[in-house]
Amino acid sequence: MSAHLALTQLVPFAAEELDKNKVTPGVLGFVVFAVMALAVWMLMKSMNRHMGKVDFEEAPDPAAQAAPAAAKPAKAAAGE
């Protein structure tokens, strides 16, 4: 008797005993959920640690500083 044949014969027995109103994820569902929650918690701790190491100071944009300097002589020339 092959495993496939044995499973096909046992499925109807399981269906008769199964109460569809009381189906729960069980222990396996809890373990999978707990492992995923632990993984997310560890990833967030790692992310916070890495973000704490970032030392970012924004450098001024040279194009933005050049534009007001170029506009000042034009205003001074127009005002004279």
Side-chain angles (χ1 to χ4, degrees):
M1 178 183 261
S2 69
H4 176 68
L5 183 59
L7 285 177
T8 56
Q9 291 178 355
L10 292 176
V11 169
F13 293 125
E16 291 173 8
E17 296 175 10
L18 182 65
D19 184 9
K20 293 184 180 181
N21 295 326
K22 294 184 180 179
V23 175
T24 63
V27 175
L28 180 62
F30 173 75
V31 169
V32 169
F33 181 78
V35 167
M36 288 175 50
L38 183 64
V40 168
W41 179 72
M42 289 173 59
L43 283 170
M44 290 188 68
K45 279 189 64 139
S46 175
M47 181 191 68
N48 283 335
R49 196 175 314 124
H50 281 87
M51 292 299 285
K53 292 179 184 177
V54 173
D55 185 26
F56 177 73
E57 292 182 18
E58 187 173 354
D61 187 15
Q65 288 183 348
K72 287 181 184 177
K75 288 182 182 178
E80 290 182 334

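One-based numbering along the sequence shown.
How far NE2 of H50 is from CE of M47: 11.0 Å, rounded to the nearest 0.5 Å. Atoms CG and CG, on L38 and L43 in that order, are 9.5 Å from each other to the nearest 0.5 Å.
Using a 4.5 Å cut-off between side-chain heavy atoms of Ile, Leu, Val, Met, Phe, Trp and Tyr, with links allowed through other members, M36 and L28 fall into the same hydrophobic cluster. Under a hydrophobic-cluster definition in which Ile, Leu, Val, Met, Phe, Trp and Tyr are linked whenever side-chain heavy atoms come within less than 4.5 Å, directly or via other members, V27 and V35 are assigned to the same cluster.
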